Amino acid sequence: MHISRPKGTIDFLPEDASKRRHIEELLRNAALLFNYSEIRTPAFEKTELFRRGIGENTDIVSKEMYSFSNNEFTLKPEMTAPVIRAYIENSLYNIAPVQKLYYIANMFRHERPQAGRFREFSQFGAEAIGSGDFRIDVELISFCNFFLNSFGINNFKILLNNIGSLSERRLFLEDLKDFLKGHETALSDDSRRRLVINPLRILDSKDPADIKILETAPVIFNYLNDDNKKHLGDVMNGLTRLGIVFEVDYRLVRGLDYYTSTTFEIVSSELGAQNAILGGGRYDMLIEQLGGKPAPAIGFACGLERLSMILEKNSYQYPAERKIDLYIVTSGDIAREKSLDILYSLRSKGILCETDYLNRSVKAQMKEANKLGVSYAVVIGSQEIETGTLRIKQMETGKEEIITFDGIINYKYV
RNA sequence: GCGGGUAUAGCUCAGUUGGCAGAGCGUCAGAUUGUGGCUCUGAAUGUCACGGGUUCGAGCCCCGUUACUCGCCCCA
């Protein structure tokens, strides 16, 4: 029996890796345009960071973390807490009052894999720290809209909500609980359980009976203070101004404890059950909670596997890799030895070249050259060694040109 | 943690009522001495996921296990 990769992990074979590199490149370009700077943090952190950041009672912390060394460290299950840790630890607020950071990194969660969900997965995300201005909310959401569009994706929905501060949410939660208790017998089993553990999540239920009940449930908007109501209105106006289509969804809640005020999610019908491409929101209290000087902040995280699933569904045309310029066909020991320094010289000049390492027939080597899609091929055998000249063949036209050995190095490969 | 589905060549998959293990693609080689694509010929690659059971005989039927996969939960 062979050893297989761990459940929920991915091998990126050369073609997949090439696609992923392209995705990352477009994302980095978008980040550059919106003036977000890259941040990289360790693959693991002190477990305490996630306990305090994400929340002890979330599923992520209570049962999905990969922890080790007597539970002292944990592979990062999300990136916001590490970014904020780095922000505080390195006093980034002293460098500039507003920090706009982005990352592309791998996360780890011990979950049961399914479509669009893995145990090791990649996220592209950004955090804007230091401003509570509605315009940074608009900018961040427009950033998401922009990079999705840059892949030609436009079949998605932007869902927007404002979940208020902790105190507003507490009041809402009490009323929601009271309301749901009145309908307890009609609720799904899952939702009855959630009523005790996390009633907010019932708003997200997929059960048709639950959805019916929720139609008359209390609405969080009515519990927001004037500031948050205005903030939501401002964000809506801002997005409208940019021509960005969105939907306000008062039932949109997020699963991590640190969110406050603005929350948003982008969903796609192309994805299956896990339909969120990205999710994010404000977390104005988190920095203080983690021991930093209070600062408002907003961020999002986008699942790269989900993004590439959509691209596959859309038959996205990935750009071709750079082709090999020259294939060196060799025949005989002297030629094979000679090929060593020719290859090295060519590569030193930035020319992509390859040769055969199996001592195969000239015909087999030409086939190989053709398969690789090289632009030129040259045969080096005893004749060429004797005369000091060789013929370089343009593969597409089949035309040959006579050149010297030095000529290979200086040839204009187009 | 709980459910549904699937498992045959490197890949995509056929395999009838239980009766010799298959196709296409890919790989490799050959088709007159040292030249690719097209075509033709040939070759290699299998613990039919694993372990039991039924049967004269199991890829096929039954039981168990594992893996993969899609859902629930939760989330990107």
Side-chain angles (χ1 to χ4, degrees), chain A residues 1-9 13 15 54 57-64 77-80 104-125 144 188-191 193-194 197-198 200-202 204-207 253-256 259 264-268 271-280 299-310 327-332 335 356 358 360-385 390-400:
Chain A
M1 234 3 203
H2 286 126
I3 297 172
S4 59
R5 65 177 180 274
K7 192 195 284 283
T9 61
L13 303 182
E15 196 188 329
I54 305 171
N57 295 322
T58 59
D59 275 28
I60 292 179
V61 172
S62 63
K63 53 186 190 197
E64 294 173 2
E78 62 100 51
M79 201 45 185
T80 300
I104 294 174
N106 289 8
M107 312 294 156
F108 306 84
R109 293 181 198 173
H110 189 91
E111 291 183 282
R112 191 75 171 266
Q114 88 191 51
R117 194 172 62 195
F118 304 89
R119 288 186 169 177
E120 180 182 13
F121 58 100
S122 304
Q123 287 187 335
F124 167 64
C144 296
S188 65
D189 291 348
D190 277 330
S191 288
R193 196 171 44 78
R194 281 184 282 220
I197 304 163
N198 191 352
L200 219 50
R201 289 235 60 94
I202 298 177
D204 244 1
S205 177
K206 290 167 188 164
D207 186 276
V253 291
R254 307 223 43 83
L256 282 57
Y259 286 109
F264 62 95
E265 197 168 286
I266 296 185
V267 296
S268 166
L271 278 179
Q274 311 305 318
N275 66 348
I277 311 169
L278 65 86
F300 74 87
C302 170
L304 295 196
E305 289 75 20
R306 294 184 187 179
L307 188 57
S308 59
M309 275 170 77
I310 294 174
Y327 193 91
I328 297 175
V329 176
T330 58
S331 171
D356 165 78
L358 296 172
R360 289 188 287 186
S361 67
V362 170
K363 188 191 184 94
Q365 293 184 58
M366 284 304 292
K367 274 191 177 179
E368 175 77 8
N370 187 62
K371 201 167 64 181
L372 290 172
V374 304
S375 308
Y376 297 89
V378 69
V379 177
I380 305 176
S382 47
Q383 282 171 32
E384 286 75 13
I385 303 282
L390 23 83
R391 286 166 301 154
I392 187 163
K393 180 174 189 172
Q394 189 176 8
M395 294 299 277
E396 205 172 318
T397 60
K399 278 184 188 155
E400 292 189 336

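When reading the values below, keep in mind they use all heavy atoms of this one structure, side chains included, and skip hydrogens, waters and symmetry mates. Keep in mind the model is a prediction, meaning the values are calculated, not measured.
- In summary, of the residues considered (A:Met107, A:Arg306, A:Glu305, A:Lys7), a side-chain contact (heavy atoms from CB on, under 4.5 Å) with A:Phe118 occurs for A:Glu305 alone.
- Within 4.0 Å (heavy atoms only), A:Gly381 reaches at least one base atom of the nucleic acid.
- Within the 4.5 Å cutoff, no side-chain heavy atoms of A:Asn57 are placed close to those of A:Asn198.
- Atom name C1', nucleotides B:rC61 and B:rU45: the rounded distance is 30 Å, in whole Å.
- One can place CG of A:Asp207 at 12 Å from P of B:rC72, the figure rounded to the nearest angstrom.
- For B:rG36, the base has a donor-acceptor partner in the side chain of A:Lys393 [N/O atoms by modelled type, under 3.5 angstrom].
- Across B:rC73, B:rC75, B:rG36, the shortest atom-to-atom separation from the side chain of A:Met366 is found for B:rG36.
- Heavy atoms of A:Glu64 sit under 4.0 angstrom from primed sugar atoms or phosphate atoms, though from no base atom.
- Side-chain proximity of A:Asp59 to the nucleotides B:rC72, B:rC74, B:rU35 is greatest for B:rC74.
- Using N1 to N3 plus N6-O4 or O6-N4 for Watson-Crick, or N1-O2 and O6-N3 for G-U wobble, each under 3.5 Å, B:rU35 pairs with nothing.
- Of all nucleotides present, only B:rG30 satisfies the Watson-Crick or G-U wobble test against B:rC40, with each distance under 3.5 Å.
- We find that CG of A:Asp190 is positioned 12 Å from C1' of B:rG1, with the value rounded to whole Å.
- Under the Watson-Crick or G-U wobble criterion, with both distances below 3.5 Å, B:rU17 is left unpaired in every strand shown.
- Nucleotides B:rU55 and B:rC62 have their P atoms positioned 16 Å apart, rounded to a whole Å.
- Checked against B:rU35, B:rC75, B:rA29, the side chain of A:Val362 finds its nearest nucleotide in B:rU35.
- In terms of phosphate contacts, A:Lys367 brings no side-chain nitrogen or oxygen within less than 4.0 Å of OP1 or OP2 of B:rU27.
- The distance between atom CD1 of A:Ile328 and atom P of B:rU35, rounded to the nearest whole Å, is 19 Å.
- OP1 or OP2 of B:rG36 sits under 4.0 Å from a side-chain N or O of A:Lys363.
- Between the P atom of B:rC38 and the NZ atom of A:Lys371 lies a distance of 12 Å, rounded to the nearest Å.
- Rounded to the nearest 0.5 angstrom, A:Ile310 CD1 and A:Leu271 CG are separated by 4.0 Å.
- Checking the phosphate oxygens (OP1, OP2) of B:rC72, a side-chain nitrogen or oxygen of A:Gln274 falls inside 4.0 Å.
- Of the two residues contacting RNA chain B, namely A:Ala301 and A:Leu271, the nearest-nucleotide position lying further toward the 5' end is that of A:Leu271.
- In this entry B:rG59 has no Watson-Crick or G-U wobble partner, no candidate having both defining distances under 3.5 Å.
- Rounded to the nearest Å, the gap between the C1' atom of B:rG10 and that of B:rG26 is 7 Å.
- Note on A:Ile277: only backbone sugar-phosphate atoms sit closer than 4.0 angstrom, heavy atoms only; bases stay farther off.
- Nucleotide B:rC75 holds its P atom 12 Å from the CG atom of A:Asn57, rounded to whole Å.
- Counting any heavy atom pair closer than 4.0 Å across all strands shown, A:Ser122 reaches no nucleic acid atom.
- Residue A:Glu384 is the one, among A:Arg193 and A:Glu384, whose nearest nucleotide of RNA chain B lies closer to the 5' end (criterion: closest heavy atom).
- Atom CG of A:Asp356 is separated from atom CE of A:Met366 by 12.5 Å, given to the nearest 0.5 angstrom.
- Taking atom CE on A:Met107 and atom C1' on B:rA76, their separation rounds to 9 Å, with Å as the unit.
- Looking only at side-chain heavy atoms (C-beta outward), A:Glu368 and A:Arg360 come within less than 4.5 Å of each other.
- Residue A:Arg254 has a polar side-chain atom (N or O) positioned under 4.0 Å from OP1 or OP2 of B:rA76.
- B:rU69 and B:rU8 have their P atoms separated by 14 Å, with the value rounded to a whole Å.
- The shortest distance between side-chain heavy atoms of A:Asp207 and A:Ser191 does not fall below 4.5 Å.
- In summary, A:Glu78 and A:Arg109 do not engage in a salt bridge, as defined by a charged side-chain N under 4.0 Å from a carboxylate O.
- The separation of B:rC60 from B:rU54, taken at their P atoms, amounts to 15 Å, rounded to a whole angstrom.
- Contacts with RNA chain B (heavy atom under 4.0 Å) in residues 108-118 of chain A: A:Arg109, A:Glu111, A:Arg112, A:Gln114, A:Ala115, A:Gly116, A:Arg117, A:Phe118, listed by number.
- Across the P atoms, B:rG22 and B:rA44 are found 13 Å apart, a figure rounded to whole Å.
- Rounded to the nearest 0.5 Å, atoms CZ (A:Arg201) and CZ (A:Arg194) are 7.5 Å apart.
- If you take atom C1' in B:rG4 and the same atom in B:rC11, they sit 27 Å apart, rounded to whole Å.
- Residue A:Gln365 is out of contact with every strand shown, counting any heavy-atom pair closer than 4.0 Å.
- A heavy-atom distance below 4.5 Å is found between the side chains of A:Phe264 and A:Leu278.
- When side chains are defined from C-beta on, A:Arg119 counts as touching A:His110, because their heavy atoms get closer than 4.5 Å.
- A:Ala377 comes within contact range of no nucleotide atom at all, as no heavy-atom separation falls under 4.0 Å.
- Out of B:rA76, B:rC73, B:rC28, the shortest distance to the side chain of A:Ala276 is found at B:rA76.
- How far CZ of A:Arg112 is from CZ of A:Arg117: 9.5 Å, rounded to the nearest 0.5 Å.
- Comparing B:rG15 with B:rA49, their P atoms are spaced 15 Å from each other, to the whole Å.
- Counting any heavy atom pair closer than 4.0 Å across all strands shown, A:Arg391 reaches a base atom.
- Atom CZ of A:Arg360 and atom C1' of B:rA29 are 11 Å apart (whole Å).
- Under the Watson-Crick and G-U wobble criteria, each requiring two contacts below 3.5 Å, nucleotide B:rG64 is paired to B:rC50.
- The nearest whole Å value for the distance from the CG atom in A:Asp356 to the C1' atom in B:rC28 is 13 Å.
- Nucleotide B:rG71 is matched to B:rC2 when pairs are restricted to Watson-Crick or G-U wobble geometry with both distances under 3.5 angstrom.
- Residue A:Lys206 places at least one side-chain N or O under 4.0 Å from the OP1 or OP2 atom of B:rC73.
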